[in-house]
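Some notes on the structure that comes next.
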Amino acid sequence: MSGAALTPAGAQLALPGAVAPTPEGTVTSPGGKSKKKLSSGEMGQARGPVVMPKAPSEETIVGKTLQLDGAGGAIEFSRIGPDLEVAKLTLSGDRLSRSGEECRVEIAGMPLKLTRRDSGSGLRRYQLLSLPACPFTLDVLDGAILVTNDGKACEIKEADCRADPSGLWGMAETEFDPKKAEDMLGARAKVEKDVRADFRELYERNKKEKLVRSFVVKEQAGFSSWREEVCRSYAKESDFGYCALRLTEARAIALGAQLASGVKLPEGYAEAAAAEEAAAKAKGKK
């Protein structure tokens with residue numbers, strides 16, 4: 001792409017572009033009663049007072065260097081007035097021309113603007129609008145970010161590099177203090193307990209609504225395996241459980257949001273569930 005300044009040791013790339021917003025889903029009330037498909041921004045009414053965990057502030061990530069899996073690419077954030085921006089970004093991956101050989105791409109043209117989005121999960125969410133070769137969405141966790149990019153690795157041909165930014169960006173491997181390992185593992189155990197309690201409450205509220213109940217159960221059942229997949233490569237995870245702690249805290253916030261404001265079904269979930277049920281019935285008749 002034009003305007004890219006590349007060097008053999010660390011390629012630099014300045015890229016303009018945009019990311020499409022995420023679609024809205026279907027909302028149900030916390031009391032368990034189904035609601036019609038609502039327009040963007042509308043939510044079902046909450047039933048009773050619910051105090052959800054507070055979403056981490058952007059201040060927990062501003063001015064820090066966060067690394068993917070604690071040892072990969074690096075990102076830094078800054079604030080310009082009320083706006084959050086990417087002050088520095090380095091991606092790491094494999095060379096396109098020589099698979100298995102590491103490459104690093106330092107993105108030029110800083111700062112990069114971030115656009116605030118509605119996460120629906122209680123977390124503060126942003127999308128990068130100026131990196132079309134590698135667009136991604138990030139949720140702000142406590143001193144970390146969770147990055148998603150639709151499961152697609154980015155091919156930055158000018159830098160001869162394929163990089164996947166998805167995963168947890170947080171504490172670097174060199175920052176872990178062995179003296180704090182026990183405290184970190186204990187904190188995770190406490191949050192796990194909160195998650196189980198919130199899930200039971202959410203299930204009770206929606207147990208009479210088959211569609212919502214099935215979604216809530218599937219979502220909770222899939223959380224542990226998803227967390228394991230995201231955290232398996234994080235530095236010193238077996239000793240500290242840092243990645244698992246941050247993702248479990250995010251899960252607690254998401255459950256709190258569902259308890260406070262209702263369950264939002266993903267777009268197309270109802271239709272997919274109906275098709276699956278119809279297919280099961282047809283199979284049973286054979």
Side-chain angles (χ1 to χ4, degrees), residues 1-20 22 61 64-78 85-115 126-141 143-176 225-244 246-247:
M1 296 182 181
S2 60
L6 307 179
T7 63
Q12 291 188 330
L13 203 55
L15 302 166
V19 180
T22 54
I61 61 174
K64 297 181 179 180
T65 299
L66 309 179
Q67 287 194 258
L68 176 59
D69 289 333
I75 190 169
E76 295 178 11
F77 297 92
S78 60
E85 297 181 331
V86 177
K88 184 177 181 180
L89 175 61
T90 302
L91 300 173
S92 61
D94 293 328
R95 289 202 177 278
L96 290 169
S97 60
R98 293 186 293 277
S99 181
E101 182 176 325
E102 185 181 359
C103 59
R104 293 180 71 81
V105 183
E106 184 177 346
I107 307 300
M110 296 296 157
L112 298 176
K113 182 181 178 181
L114 290 167
T115 299
Y126 291 87
Q127 286 183 324
L128 200 56
L129 295 177
S130 51
L131 201 58
C134 197
F136 58 78
T137 300
L138 66 91
D139 290 334
V140 179
L141 309 186
I145 59 171
L146 179 64
V147 171
T148 56
N149 68 334
D150 297 328
K152 299 177 182 177
C154 307
E155 292 191 356
I156 306 174
K157 296 180 180 179
E158 291 83 352
D160 190 27
C161 195
R162 179 186 289 108
D164 184 359
S166 62
L168 186 77
W169 299 60
M171 283 179 62
E173 182 177 11
T174 55
E175 295 181 278
F176 287 107
S225 58
W226 169 78
R227 181 180 60 188
E228 171 63 26
E229 182 178 352
V230 173
C231 295
R232 67 178 57 170
S233 300
Y234 208 95
K236 298 185 177 180
E237 184 65 12
S238 60
D239 296 325
F240 291 85
Y242 169 78
C243 177
R246 291 293 172 257
L247 295 191

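Nearest heavy atom pair, residue Thr65 against residue Ala74, reads CG2-CB, 4.0 Å. Minimum heavy-atom separation, Arg162 to Ala153: CG-CB, 3.7 Å. Considering every non-hydrogen atom in both Tyr234 and Trp169, the closest pair reads OH-C, 4.5 Å. Pairing each heavy atom of Leu96 with each of Lys157, the nearest pair is CD1-CA, 3.9 Å. Between Ser166 and Asn149, the closest heavy-atom pair is CB-OD1, 3.5 Å. The two residues Val230 and Gly167 make their nearest non-hydrogen contact at CG1-CA, 4.4 Å.
With a 4.5 Å cut-off on side-chain heavy atoms, Phe176 and Asp239 do not count as touching. The side-chain heavy atoms of Phe77 and Leu114, taken from C-beta on, include a pair separated by under 4.5 Å. The shortest side-chain heavy-atom distance between Cys134 and Leu91 falls under the 4.5 Å cut-off. Ser92 has its side chain within reach of Glu102: a pair of non-hydrogen atoms, C-beta onward, lies under 4.5 Å apart. Counting heavy atoms from C-beta on, the side chains of Val86 and Ile107 never come closer than 4.5 Å. No side-chain heavy atom of Ile75 sits less than 4.5 Å from a side-chain heavy atom of Val147.
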Please assess Asp160 against Ser97 for the test side chain to side chain donor-acceptor pair (under 3.5 Å), listing each intermediate value before the final yes or no.
CA-CA 7 Å; Asp160 190 27; Ser97 60; 2.5 Å; yes
Do Leu146 and Leu138 pass the side-chain contact (heavy atoms from CB on, under 4.5 Å) test, and can you show the C-alpha distance, the side-chain angles, and the key distance before you say yes or no?
CA-CA 5 Å; Leu146 179 64; Leu138 66 91; over 6 Å; no
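In this structure, SG in Cys243 is found 7.0 Å from CG in Asp69, a value given to the nearest 0.5 Å. To the nearest 0.5 Å, atom OH of residue Tyr126 and atom OG1 of residue Thr137 are 13.0 Å apart. Atom CG of Leu168 is separated from atom CZ of Arg227 by 12.5 Å, given to the nearest 0.5 angstrom.
Tyr242 places a side-chain N or O within donor-acceptor distance of the main-chain N or O of Met171, the cut-off being under 3.5 Å. No donor-acceptor distance shorter than 3.5 angstrom exists from the side chain of Thr90 to the backbone of Glu106, with no hydrogens or angles considered. A donor-acceptor pair under 3.5 Å links the side-chain atoms of Glu237 to the main chain of Ala244, judged by distance alone. Here the side chain of Glu76 pairs no donor or acceptor atom with the backbone of Lys64 at under 3.5 angstrom.
Few gaps surround NZ on Lys236; more than 12 heavy atoms of other groups in view lie less than 6.0 Å from it.
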